[in-house]
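Numbers restart at 1 for each chain; the letters A, B, ... are given by sequence-line order, proteins then strands.
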2 protein chains.
Amino acid sequence: MSQQRARPGSRTPSVKDVAAAADVSLGTVSNVLNRPERVSPSTRERVERAMAELGFVRNESARQLRAGTSRTLAYVMLDATNPFFNDVAQGIELAAEDADLSLFICNSNGRAEREEAHLDRLLQQRVQGILITPVNADAPYLDEISRRGIPVVIVDRHRDSGGFCSVGVDDVLGGRIAVEHLIEQGHHRVAFVGGPDSIGQVRERLEGARQIWAEFGRDPADLVHLPTEAVTVSEGRSAGERLAGLAARRRPTAAFCANDLLALGLLQQAVSAGARVPEDLAIVGFDDIEFAAAAAVPLTSVRQPRQELGRAAAKLLLDEAINPQHRHEQATFIPELVARASTANRS
Amino acid sequence: MSQQRARPGSRTPSVKDVAAAADVSLGTVSNVLNRPERVSPSTRERVERAMAELGFVRNESARQLRAGTSRTLAYVMLDATNPFFNDVAQGIELAAEDADLSLFICNSNGRAEREEAHLDRLLQQRVQGILITPVNADAPYLDEISRRGIPVVIVDRHRDSGGFCSVGVDDVLGGRIAVEHLIEQGHHRVAFVGGPDSIGQVRERLEGARQIWAEFGRDPADLVHLPTEAVTVSEGRSAGERLAGLAARRRPTAAFCANDLLALGLLQQAVSAGARVPEDLAIVGFDDIEFAAAAAVPLTSVRQPRQELGRAAAKLLLDEAINPQHRHEQATFIPELVARASTANRS
DNA sequence: TTGTATGCGTTATCAA
DNA sequence: TTGATAACGCATACAA
């Protein structure tokens with residue numbers, strides 16, 4: 001096999017090489033690159049031909065060093081195994097692509113020290129801005145970055161103390177519509193599955209659930225909180241076991257899960273224990289990831305506009321980076337119930 | 001809210017600023033950064049203090065421009081909605097992190113023109129190397145990149161014409177063990193669900209299935225190919241409908257799906273049509289993504305070491321980038337059957 | 001052990 | 001319309 005590599009002596013061609021080949025000055029080559037209208041058609045064509053022949057590719061590091069502005073964005077994800085965040089990342093990537101920007105993607109996996117290490121590296125890269133779903137939205141190093149003049153947008157979280165753009169959905173409302181739906185379906189005892197409390201979303205979704213429960217005049221004791229240690233499939237399963245362990249007359253007939261991973265785990269446990277969904281147990285998830293619709297019993301879920309969240313965040317970031325009179329903005333999207341078989345009517 | 005930003009007049013501090021603050025020369029600061037052993041403890045400490053006080057962060061563009069070596073890798077994914085590729089990406093990211101490298105992640109979404117646009121940008125970034133699950137492993141622009149001296153590793157695909165490192169599993173073997181398992185479970189008529197043919201993996205998994213089928217002396221007509229237009233959940237559903245439409249005596253009692261997404265779609269269709277899994281229809285998937293184990297009927301699947309694939313690919317890439325006597329290598333992992341409820345024994 | 005000087009590839013300013 | 005030149009921030013060879 002011809003292991004054809006670049007000949008040892010050959011650097012990758014620079015503007016200088018192009019200039020020599022096209023017999024123009026270096027400045028003219030740069031103009032062809034950056035302000036082609038300033039250069040006459042004939043020489044421009046000559047330069048372009050030389051570029052093609054030499055296989056010239058602009059060196060972005062040099063460009064960035066000189067111009068002072070980078071052409072990269074970064075997204076620091078919270079949990080790469082949750083499709084929700086990957087969908088958000090896709091939205092960001094599409095926006096970045098539109099703006100001809102490259103995107104660093106990092107995963108903190110829920111650990112603050114990894115998050116900080118990533119941020120460190122991104123600072124060195126002089127990224128134009130950072131999108132982040134932080135482990136802790138109030139971490140001081142986020143302010144530190146912002147103080148450096150680097151735009152930071154918080155994704156799928158809001159921050160009490162302000163100072164940042166952020167995007168997310170109205171989680172309280174999401175909790176309300178989920179439980180309202182269950183009430184409408186005739187349930188009188190409902191479980192809320194989710195935790196830990198340190199996750200703001202979980203708290204707010206539960207808060208919404210409690211609000212609507214109270215508004216319908218229900219007894220708070222009939223809204224049972226099944227806490228979990230994380231929002232994962234396996235925690236959903238374990239919550240299911242606890243649920244199944246309750247005495248029949250105390251057992252909720254429906255569960256609202258803080259996210260779809262929990263809901264899928266709960267569904268699996270229920271089915272494997274011989275329970276029928278939704279007849280014995282109705283289930284509502286949150287996020288509406290693709291696997292919610294793909295479940296054996298398609299899952300009712302509170303939809304977040306996942307890609308749109310990413311796109312919106314990227315747009316806010318770019319505005320902050322470019323627009324001098326940018327004002328921080330908390331973009332809150334409205335979640336939407338998507339009813340499927342897992343909560344079909346109890347008739 | 002105090003919109004505290006960098007004071008307009010303040011650039012981010014450079015080595016020069018640090019040098020001035022620590023009252024040493026610029027070269028000494030650079031030495032502290034790159035060969036700390038060469039500088040005396042006392043001045044080193046002074047310099048480090050100055051760095052901390054000024055909040056100095058090394059400018060990676062300048063470093064890269066001067067040193068000629070970049071500290072970034074890139075992975076061009078084929079399909080960001082498939083958790084399999086995200087798991088591979090995680091493996092890559094972990095390896096990159098170990099090497100203190102940043103990672104660009106791009107998604108071609110199966111479209112060659114997006115892939116090329118991404119590669120273009122990555123070339124400009126002068127990435128140290130590119131990992132890619134290509135739309136078409138034989139695309140000539142991959143050679144073009146390699147010829148430029150940029151290491152390219154092909155992930156989850158192999159290339160006939162060589163010239164690259166690649167990682168993947170033995171797909172033929174994967175097909176064999178999947179169908180062998182079904183034969184052992186007592187199935188006499190089996191469906192292969194997958195397509196299009198342009199995907200090498202699909203062809204090879206089918207090939208493996210046929211091999212083992214023949215070796216057991218079975219009639220080729222009893223291995224029914226249900227072609228799909230993509231390896232997605234919805235195509236799995238539609239294959240399920242076709243399967244259900246077959247006359248009962250011609251209908252396979254088991255299906256081997258080219259990947260888990262297809263298998264999940266098939267499972268959903270079967271359950272919603274009232275079929276019991278595995279009693280009426282046994283299902284085997286491929287990849288063993290997390291959602292296979294999380295399905296309502298946990299899915300038997302042929303496991304690929306997803307993260308490990310990514311890690312191995314990154315290691316090959318780094319070797320190619322650093323080791324002058326690097327030799328291209330096709331790393332082939334052995335897939336492994338993970339038996340779950342979707343193929344429980346027909347007793 | 002520390003300082004000085006040069007250049008990486010590009011953009012932008014100014015003169016021709 | 002084009003050319004010459006300086007500067008971006010850093011690493012390194014070499015001198016002190």
Side-chain angles (χ1 to χ4, degrees), chain A residues 9-48 50-51 54-72 121 123-128 148-149, chain B residues 9-48 50-51 54-72 121 123-128 148-149:
Chain A
S10 76
R11 291 170 309 93
T12 80
S14 72
V15 279
K16 201 191 279 181
D17 301 315
V18 174
D23 197 35
V24 295
S25 83
L26 176 164
T28 300
V29 176
S30 178
N31 279 334
V32 170
L33 247 25
N34 302 298
R35 309 116 110 178
E37 71 284 359
R38 284 205 193 171
V39 41
S40 80
S42 67
T43 59
R44 174 169 35 172
E45 203 205 336
R46 198 146 39 92
V47 170
E48 276 162 353
M51 286 181 173
L54 294 176
F56 170 80
V57 175
R58 182 213 246 103
N59 183 326
E60 176 62 23
S61 290
R63 204 220 104 254
Q64 176 175 335
L65 177 59
R66 170 63 232 224
T69 135
S70 104
R71 314 240 1 113
T72 63
R121 242 170 323 107
L123 250 34
Q124 296 189 20
Q125 299 282 358
R126 297 293 192 274
V127 292
Q128 216 181 39
R148 291 187 122 85
Chain B
S10 75
R11 291 170 308 95
T12 81
S14 72
V15 278
K16 200 189 280 181
D17 300 316
V18 174
D23 198 35
V24 296
S25 83
L26 177 162
T28 300
V29 177
S30 182
N31 279 333
V32 171
L33 246 26
N34 301 298
R35 309 116 112 181
E37 70 283 1
R38 283 203 192 171
V39 43
S40 81
S42 68
T43 59
R44 175 169 36 174
E45 202 205 337
R46 199 147 38 90
V47 170
E48 277 162 353
M51 285 182 174
L54 294 177
F56 170 79
V57 175
R58 183 215 243 104
N59 183 325
E60 175 60 24
S61 292
R63 205 221 103 255
Q64 175 175 335
L65 178 58
R66 170 63 230 229
T69 133
S70 108
R71 313 240 3 114
T72 63
R121 256 202 321 258
L123 249 35
Q124 296 189 19
Q125 299 282 358
R126 297 292 193 273
V127 292
Q128 215 180 41
R148 291 187 123 85

Taking NZ, NE, NH1 and NH2 as the nitrogens, is one of them in B:R11 or B:D17 under 4.0 Å from a carboxylate oxygen of the other?
yes

Can you build the contact string for nucleotides 7-16 of chain D? Use B for base contact, S for sugar-phosphate-only contact, and - for no protein heavy atom under 4.0 Å.
BBBBBB----

Please check this pair: side chain of B:Q124 against backbone of A:R58, looking for a donor-acceptor N/O pair closer than 3.5 Å.
no

Can you check whether B:L123's main-chain N or O pairs, donor with acceptor, with B:R126's side chain at less than 3.5 Å?
yes

Bounds of contact between DNA chain C and chain B, in 5' to 3' order, using a heavy-atom cut-off under 4.0 Å
C:dT1 to C:dG9

Taking all non-hydrogen atoms of both residues, which atom of B:T69 and which atom of B:R63 are closest, and how far apart?
O-NH2, 2.7 Å

So do the side chains of B:Q64 and B:R71 get within less than 4.5 Å of each other, counting heavy atoms only?
no

Can you list the residues that meet the side-chain hydrogen bond (donor to acceptor under 3.5 Å, both in side chains) rule with B:R44, with sequence neighbours excluded?
none

Any side-chain heavy-atom pair of B:F56 and B:L33 under 4.5 Å
yes

